[in-house]
There are 2 protein chains.
Amino acid sequence: MRIGEAAAAAGMTATALRFYESCGLLPPAPRSPNGYREYTEDAVNRLQFIRRGQAAGLTLDQIKGILNLRETGESPCSHVRELLARELQDLDRRITELISLRAAVAGFHRNAVETDPASCDPGQVCSFL
Amino acid sequence: MRIGEAAAAAGMTATALRFYESCGLLPPAPRSPNGYREYTEDAVNRLQFIRRGQAAGLTLDQIKGILNLRETGESPCSHVRELLARELQDLDRRITELISLRAAVAGFHRNAVETDPASCDPGQVCSFL
DNA sequence: GTGCACCTTCCCCTATGGTGGAACGTCAAG
DNA sequence: CTTGACGTTCCACCATAGGGGAAGGTGCAC
């Protein structure tokens with residue numbers, strides 16, 4: 001199948017497929033005589049794996065690492081386990097950060113809502129921050 | 001004072017100050033006869049306001065908007081209120097997203113820890129994703 | 001008179017995940 | 001015979017917030 005069809009089958013754009021190939025996430029696609037890329041069902045499966053990896057919050061580089069491991073015949077299982085563990089830690093850290101940022105912003109906002117705008121000092125930029 | 005000193009006073013780098021000036025966050029600094037930028041205490045206050053804005057999670061573009069409002073003589077109070085309200089919503093959305101992503105990743109990870117690696121199917125990339 | 005720290009401008013580079021356009025080739029239908 | 005939908009390549013660009021280095025000027029101390 002050609003690039004547009006494969007892209008549609010995986011819920012992506014043709015541009016994204018070319019981009020993935022250029023990054024090494026996909027092996028160079030075989031070409032039909034007219035130079036068009038030819039994709040198999042296997043390629044589409046790989047694309048869907050990429051999608052699942054992204055949905056799991058992995059970066060393209062991490063997904064590439066998994067695919068490369070599988071390529072070398074090694075089982076990526078333990079690598080993926082570590083990846084997921086590290087990602088959980090990372091997510092926890094980011095969630096904590098966002099929650100404390102939210103508390104800070106909520107404090108600024110509460111102050112901004114409660115304070116009389118007339119008390120605004122033109123000598124400074126903004127007393128709310 | 002010169003750029004390095006002003007930067008240090010605001011806890012930034014000289015490069016950042018030039019960058020802010022180039023983006024319109026800072027008015028073009030007056031120059032001393034040798035062409036060096038000259039900063040006043042007021043400029044350092046402005047830099048510290050930028051820092052506080054960033055600490056509150058605002059983008060440089062949003063901070064620039066506040067500074068520009070103040071520049072035109074208008075009081076940025078209500079603008080800042082709206083900005084903070086929108087940011088709270090945005091933070092809530094991002095936190096919710098991250099938490100649900102975390103749940104999904106935790107599920108993958110639990111499965112990966114509990115599953116026997118020997119049951120790994122070499123025909124697919126990784127059964128954990 | 002020279003070394004050193006600081007300043008200037010200009011332009012490219014970082015990471016992320018692609019998108020869009022230009023200029024051109026290919027193929028089937030009308 | 002031409003139109004349209006697809007394909008190809010390469011190159012530039014989006015946002016974000018600067019960092020890094022080259023090539024050169026300035027000013028002070030030794």
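None of these values were measured; they are calculated from a predicted model. Chain identifiers are assigned alphabetically (A, B, ...) following the order of the sequence lines, protein sequences preceding nucleic acid strands; residue numbering begins at 1 within each chain.
For dC6(C), neither phosphate oxygen OP1 nor OP2 lies less than 4.0 angstrom from any side-chain nitrogen or oxygen of Arg37(B).
With rounding to the nearest 0.5 Å, the separation of CZ in Arg102(A) from CD in Gln89(B) is 10.0 Å. Atom NE2 of residue His109(B) and atom CD of residue Glu82(A) lie 9.5 Å apart, to the nearest 0.5 angstrom. From Gln62(B), atom CD reaches atom CG of Leu84(B) across 9.0 Å, with rounding to the nearest 0.5 Å. Going from atom CZ of Arg70(A) over to atom SG of Cys77(A) covers 6.5 Å, rounded to the nearest 0.5 Å.
No side-chain N or O of Asp42(B) forms a donor-acceptor pair with one of Thr40(B) less than 3.5 Å apart.
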Can you name the atoms? Protein N/O to nucleotides 24-26 of chain C N/O, anything below 3.5 Å, with the distance.
| unit_1 | atom_1 | unit_2 | atom_2 | d |
| --- | --- | --- | --- | --- |
| dG25(C) | N2 | Tyr36(A) | OH | 2.6 |
| dT26(C) | O4' | Tyr36(A) | OH | 3.2 |

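The residue Arg2(A) sits close only to the backbone: its heavy atoms come under 4.0 Å of sugar-phosphate atoms, none of a base.
Counting all heavy atoms, side chain and backbone alike, Leu60(B) lies closest to Leu25(B) at O-CD1, 3.8 Å.
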- Item | side-chain contact (heavy atoms from CB on, under 4.5 Å) between Arg2(B) and Arg37(B), intermediate numbers included | CA-CA 6 Å; Arg2(B) 292 184 307 185; Arg37(B) 288 175 180 83; over 6 Å; no
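A donor-acceptor pair is defined here as one N or O able to donate and one able to accept, closer than 3.5 Å; such a pair exists between the side chain of Glu38(A) and the backbone of Met1(A). Between the side chain of Thr115(A) and the main chain of Ala112(A), no donor-acceptor pair closer than 3.5 Å is present.
Here the C1' atom of nucleotide dT9(C) and the CD1 atom of Ile3(B) are 12 Å apart, to the nearest Å.
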- Note on the structure: Protein-proximity profile, nucleotides 12-23 of chain C, B/S/- by nucleotide at the 4.0 Å heavy-atom cutoff, equals -----BBB----
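For DNA chain D, the contact window with chain A, defined by any atom under 4.0 Å from a protein heavy atom, covers dC6(D) to dT9(D) in 5' to 3' order.
Clustering ILVMFWY residues whenever any of their side-chain heavy atoms sit less than 4.5 angstrom apart, transitively, puts Leu129(B) in the very cluster that holds Leu101(B).
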